[in-house]
Trainee: 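My structure is below; once you've seen it, I'll send some questions.
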Amino acid sequence: MNIIEQLKNQVIISVQAMPEEPLYREECLIAMMQSVIDGGAKALRLAGARDVRNAKRLFNVPVIGLTKPDKLPENWKEVVYITPSLKEVKELIAAGADIIAVDATLRKHPKESLEEIAQYIKSEDKLLMADISTLEEGINARKLGFDIVSTTLAGYTQNSTNNMKTPDFELLKNLVKELDCPVILEGRIWEPVEVDKAFELGAHSVVIGSAVTRPQLITKRFCERG
C-alpha cells in the first residue's frame, strides 16, 4: 500500500511548537509524537529537519515535512513562510520526509518559483503537498503536479477571508469537486464532529494540530470562554 492510500480516511496530527515555547525541546516533541501515535494518529506533520529526522528514526508512520521561521513575520498574511525555497526543501528531503508540504498560494516565493520547487521535489521522487488558501490556488497547484492539496492556509492569507473560528468546509467541498487528487482538511478543527463532516464531504484525510498538541491554546479556550 502506498503512502497516499495509507492516509485514506485517517487522522494526521501536526506536532509542532515554536522555539520560544516550552514544548519545543527535542525530547518533548518526541514524547508528543509517541503520544499521538499511541492515540491512533496514522501520520505526522512536522516542522523542521530535526523533528522529521527523529520521527523517521523512531516511528513507522508517514511523515509530512515542512519548515517555518523561528518567528513569524508581522506581515505573515502577505508572505510565503512555509517551506519557501529549495534550501528548506533539500533539508527536509535529507531528513527523510515522505511528503514535502509547501506554501502553494499565488504569492511570490522569495527565491525559486513554485513551479521550480515542485519540479525539484518530483525529481527527488517525493510526494508534494500544497498548502493553499483558495480554490484558485488549489487548481493551480494540481496543474503544477502536486499530489495532495490541503486547506492549511485558508483564512491565513489576504486572499482568503473565511471564518477564522471554524474549518473551511466550503473550500474543502469545492476542492473535492474540482480536483482529481486527494484533498486534506486542515485548520481550526476542534471537535470530532468536524472530522466526521470532513470525511462526509470527501476529505481524503484530516490534519489536526492545536486541538491536540498546543496545550497553551487548549487551556486558553477554557479560560477565555464566551
Side-chain angles (χ1 to χ4, degrees), residues 4 6-18 32 36 39-47 62 64 66 68 72 76-77 80-83 99 101-107 128-142 146-226:
I4 290 180
Q6 288 180 49
L7 299 182
K8 178 69 174 174
N9 294 327
Q10 301 295 342
V11 170
I12 301 164
I13 299 296
S14 176
V15 180
Q16 299 180 32
M18 298 298 284
M32 186 76 78
V36 301
K42 301 303 181 184
L44 301 170
R45 180 175 160 108
L46 308 173
I64 301 168
L66 63 136
K68 288 181 178 177
L72 293 185
W76 55 271
K77 275 202 168 188
V80 169
Y81 60 85
I82 294 178
T83 323
I99 302 170
V102 173
D103 181 318
T105 63
L106 297 178
R107 299 173 295 185
L128 294 87
M129 179 173 176
D131 288 351
I132 57 91
S133 67
T134 67
L135 176 61
E136 180 186 10
E137 292 165 354
I139 292 171
N140 182 65
R142 183 56 180 154
F146 278 81
D147 303 289
I148 302 166
V149 171
S150 175
T151 64
T152 311
L153 290 169
Y156 298 102
T157 69
Q158 288 184 317
N159 294 327
S160 56
T161 56
N162 55 294
N163 187 334
M164 286 294 288
K165 292 185 177 180
T166 60
D168 196 333
F169 290 115
E170 188 66 21
L171 178 58
L172 169 66
K173 183 167 61 175
N174 289 332
L175 289 167
V176 169
K177 180 180 177 182
E178 296 292 334
L179 302 182
D180 63 345
C181 68
V183 177
I184 289 178
L185 181 70
E186 179 175 4
R188 300 178 298 280
I189 301 164
W190 288 94
E191 305 293 343
V193 293
E194 294 170 334
V195 177
D196 292 337
K197 183 173 180 178
F199 288 131
E200 288 170 6
L201 292 175
H204 187 83
S205 311
V206 173
V207 173
I208 303 172
S210 297
V212 174
T213 59
R214 303 299 288 273
Q216 73 275 24
L217 298 181
I218 299 167
T219 303
K220 188 176 181 180
R221 292 181 76 231
F222 287 101
C223 293
E224 298 180 2
R225 303 176 305 282

Trainee: One thing to verify: whether Arg45 and Glu186 come together as a salt bridge, which I'm taking to mean a side-chain N less than 4.0 angstrom from a carboxylate O.
Mentor: yes
Trainee: For the pair Arg107 (side chain) and Lys77 (backbone), establish whether a donor and an acceptor sit closer than 3.5 Å, ignoring hydrogens and angles.
Mentor: yes
Trainee: For Lys177, is the NZ atom crowded, meaning more than 12 foreign heavy atoms sit under 6.0 Å from it?
Mentor: no
Trainee: Can you name the side chain to side chain donor-acceptor pair (under 3.5 Å) partners of Gln216, sequence neighbours left out?
Mentor: Glu21
Trainee: Between Val102 and Leu128, is there a side-chain heavy-atom distance shorter than 4.5 Å?
Mentor: no
Trainee: Looking at every non-hydrogen atom in both residues, tell me the closest pair between Val176 and Gly202 and how far apart they are.
Mentor: CG2-O, 3.7 Å
Trainee: Go through the structure and list residues passing side chain to side chain contact (heavy atoms under 4.5 Å, CB included) with Ala43, not counting sequence neighbours.
Mentor: Leu7, Ile12, Pro62
Trainee: Do you know the tightest heavy-atom contact between Ile64 and Ala101?
Mentor: CG2-CB, 3.8 Å
Trainee: Which pair of non-hydrogen atoms, one from Tyr81 and one from Asp103, has the smallest distance, and what is that distance?
Mentor: N-OD2, 4.2 Å
Trainee: Hydrogens and angles aside, do Gln16 and Ser14 bring a side-chain donor and acceptor to less than 3.5 Å of each other?
Mentor: yes
Trainee: Which heavy atom in Leu185 sits nearest to a heavy atom in Pro167, and how many Å separate them?
Mentor: CD2-CB, 4.0 Å
Trainee: State the CG-CG distance between Leu201 and Asn174, to the nearest 0.5 angstrom.
Mentor: 10.0 Å
Trainee: Which is it for Lys42 and Lys8 under the side-chain contact (heavy atoms from CB on, under 4.5 Å) test, yes or no, and what are the steps along the way?
Mentor: CA-CA 10 Å; Lys42 301 303 181 184; Lys8 178 69 174 174; over 6 Å; no
Trainee: Return the set of residues passing side chain to side chain contact (heavy atoms under 4.5 Å, CB included) with Ile4 (not counting sequence neighbours), or none when no residue passes.
Mentor: Asn2, Leu127, Asp147, Ile148, Pro182, His204
Trainee: Quick one: CD on Glu200 to CZ on Phe169, what's the gap to the nearest 0.5 Å?
Mentor: 9.5 Å
Trainee: Does the side chain of Thr157 come under 3.5 Å of the side chain of Asn159 through a donor N or O and an acceptor N or O?
Mentor: no
Trainee: Rounded to the nearest 0.5 Å, what separates atom CD1 in Ile208 from atom CD1 in Ile13?
Mentor: 4.5 Å
Trainee: Could you walk me through whether Glu170 and Lys173 pass salt bridge (Lys or Arg N to Asp or Glu O under 4.0 Å), step by step?
Mentor: CA-CA 5 Å; Glu170 188 66 21; Lys173 183 167 61 175; 3.5 Å; yes
Trainee: CD1/Ile132 to OG1/Thr152 distance, rounded to the nearest 0.5 angstrom?
Mentor: 7.5 Å
Trainee: Does any N or O in the side chain of Ser205 come within less than 3.5 Å of the main-chain N or O of Ile184, such that one atom is a donor and the other an acceptor?
Mentor: no
Trainee: In Å and rounded to the nearest 0.5 Å, what is the OG1 to CG distance from Thr105 to Asn140?
Mentor: 10.0 Å
Trainee: Between Leu135 and Glu178, which heavy-atom pair has the shortest distance, and what is it?
Mentor: CD1-CG, 4.0 Å
Trainee: Given side-chain contact (heavy atoms from CB on, under 4.5 Å), test Ser160 with Leu153 step by step and report yes or no.
Mentor: CA-CA 8 Å; Ser160 56; Leu153 290 169; over 6 Å; no
Trainee: With rounding to the nearest 0.5 angstrom, report the CZ to CD1 distance, Phe146 to Ile99.
Mentor: 12.5 Å
Trainee: Using every non-hydrogen atom in the two residues, find where Leu172 and Val183 come nearest and quote the distance to one decimal.
Mentor: CD1-CG1, 3.6 Å
